[in-house]
Visitor: 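My structure is below; once you've seen it, I'll send some questions.
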Amino acid sequence: MKKIDVCLSPDLIHLYDLSDKNVVVVDILRATSCMVAGLANGVRSITPFADLEACRTMKDLGYLIAGERGGEKVEGFDLGNSPLEYMAAKVKGQKVAVTTTNGTVAIDRSGKAVRVIIGAFLNISAVAEYLKQKKESAVIFCAGWKGTVNLEDSLYAGALVEKLQNDFANGSDAPLLVQSSWQHMKHDLAGFIKNSSHAKRLNRLDIHADIDFCMREDEFDVVPVLSGQELVVNNSQA
Ligand code: MLT
């Protein structure tokens, strides 16, 4: 039987052999929620960069450049890191280059995987169905916060494990851990997330609407996958 595993932080990813697995990168607040919202709303492609200055150079190649550090928009960039910005008319049909504190770092560290898939609550069922159709085992890779574990990515991992439980066996104790947290908290997700460290950080920056939006389940049915250096909507079932 295929296996599902969960990596709770980018600093633990070296412990996982990704070479024969699909990886679902998740950064609920907010990088992967932005990617899903943008690609579902007509953004042509999204190229992730771990390095801020490398991302900045993409402006000269005709890309919109997007990014944050510590949650705040990078000076001189076209977009910050709000899923609502990614759905604006000016982003439709554009190629976006993006750098974020944690999300794009996790994507960067997933390079050895068979496929890199972008997950969020916004597309959770579409990702679950996609993984079920593939023959490979999978790792859910939580972006966390600067190497530490965070609540919202761990809860997403628990929710996805729950959707996969009939098709995948657990690869370690981590799926059990996140699934039982999800079962405990899912009835008041907004209430628990409100107390998470990054929700508090975003609230200090007055970013309330993003948090509510990122908690919505199954708003979109797109499955973004990494193709070469860029994320595109999976159309081909590749
Ligand atoms: C990240 O990649 O660390 C986040 O998306 C930060 C943010 O909420 O802007």
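In each ligand, atom 1 is the first atom listed, and ligand 1 is the first ligand listed. On a predicted model such as this, the values are computed, not experimentally measured, just so you know.
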Visitor: Hey, is N81 touching ligand 1 through its side chain, its backbone, both or neither, going by heavy atoms under 4.0 Å?
Guide: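 Only the side chain of N81 comes within reach of ligand 1.
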
Visitor: Provide the number and element of each atom of ligand 1 under 4.0 Å from a heavy atom of T101.
Guide: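 The atoms of ligand 1 under 4.0 Å from a heavy atom of T101 are 1 (C), 2 (O), 3 (O).
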
Visitor: Per the salt bridge (Lys or Arg N to Asp or Glu O under 4.0 Å) rule, which among R115, K21, K2 passes with E136?
Guide: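 Only one option passes, and that is R115.
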
Visitor: Counting only nitrogen or oxygen atoms and a 3.5 angstrom limit, does T104 reach ligand 1?
Guide: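 No; the residue has no nitrogen or oxygen that sits under 3.5 Å from a nitrogen or oxygen of the ligand.
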
Visitor: Between the side chains of R69 and T100, is a donor N or O closer than 3.5 angstrom to an acceptor N or O?
Guide: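 No pair is found: no donor N or O on one side chain lies under 3.5 Å from an acceptor on the other.
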
Visitor: Does A143 have a non-hydrogen atom less than 4.0 Å from ligand 1?
Guide: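 Judged by the 4.0 Å heavy-atom criterion, A143 does not count as contacting ligand 1.
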
Visitor: How are the rings of F121 and Y156 set relative to one another: parallel (under 30°), tilted (30 to 60°) or perpendicular (over 60°)?
Guide: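 Rings of F121 and Y156: perpendicular, as their planes differ by over 60°.
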
Visitor: H198 near ligand 1, heavy-atom distance under 4.0 Å?
Guide: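 Distance cut 4.0 Å: H198 passes for ligand 1.
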
Visitor: Could you tell me, atom by atom, which parts of ligand 1 come under 4.0 Å of a heavy atom of G103?
Guide: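 Ligand 1 atoms under the 4.0 Å threshold to G103: 1 (C), 2 (O).
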
Visitor: For G71, counting its heavy atoms only, list the atoms of ligand 1 lying under 4.0 Å from any of them.
Guide: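 Every atom of ligand 1 under 4.0 Å from some heavy atom of G71: 9 (O).
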
Visitor: Which of the numbered atoms in ligand 1 are below 4.0 angstrom from a heavy atom of A31?
Guide: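 Close to A31: 2 (O), 5 (O).
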
Visitor: Identify the heavy atoms of N41 and A37 that sit nearest to each other, and give their distance.
Guide: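 Between these two residues, the closest heavy atoms are ND2-O, 2.8 Å.
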
Visitor: Report yes or no: is the cationic atom of K59 (NZ for Lys, CZ for Arg) closer than 6.0 Å to the six-membered ring centre of Y63, at no more than 45° off its axis?
Guide: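 Checked: cation-pi criterion not met.
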
Visitor: So E68 and L52, do their side chains get closer than 4.5 Å, heavy atoms only?
Guide: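 Not touching, per the 4.5 Å side-chain cut-off.
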
Visitor: Looking only at heavy atoms, is any part of R30 under 4.0 Å from ligand 1, and if so is it the side chain, the backbone, or both, or is it neither?
Guide: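 The answer is both.
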
Visitor: Starting from atom 1 (C) of ligand 1, find the nearest protein heavy-atom neighbour and note its residue, name and distance.
Guide: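 Here the closest protein heavy atom is D27 OD2, 2.9 Å.
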
Visitor: Please determine, by modelled atom types, if D210 and S82 share a side-chain donor-acceptor pair under 3.5 angstrom.
Guide: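 Yes, side-chain donor-acceptor contact under 3.5 Å.
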
Visitor: Would you please say whether a donor-acceptor pair under 3.5 Å links the side chains of S9 and D11?
Guide: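 Absent: no donor and acceptor within the cut-off.
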
Visitor: Give me the residue, atom name and distance of the protein heavy atom closest to atom 3 (O) of ligand 1.
Guide: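 Here the closest protein heavy atom is N102 ND2, 2.6 Å.
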
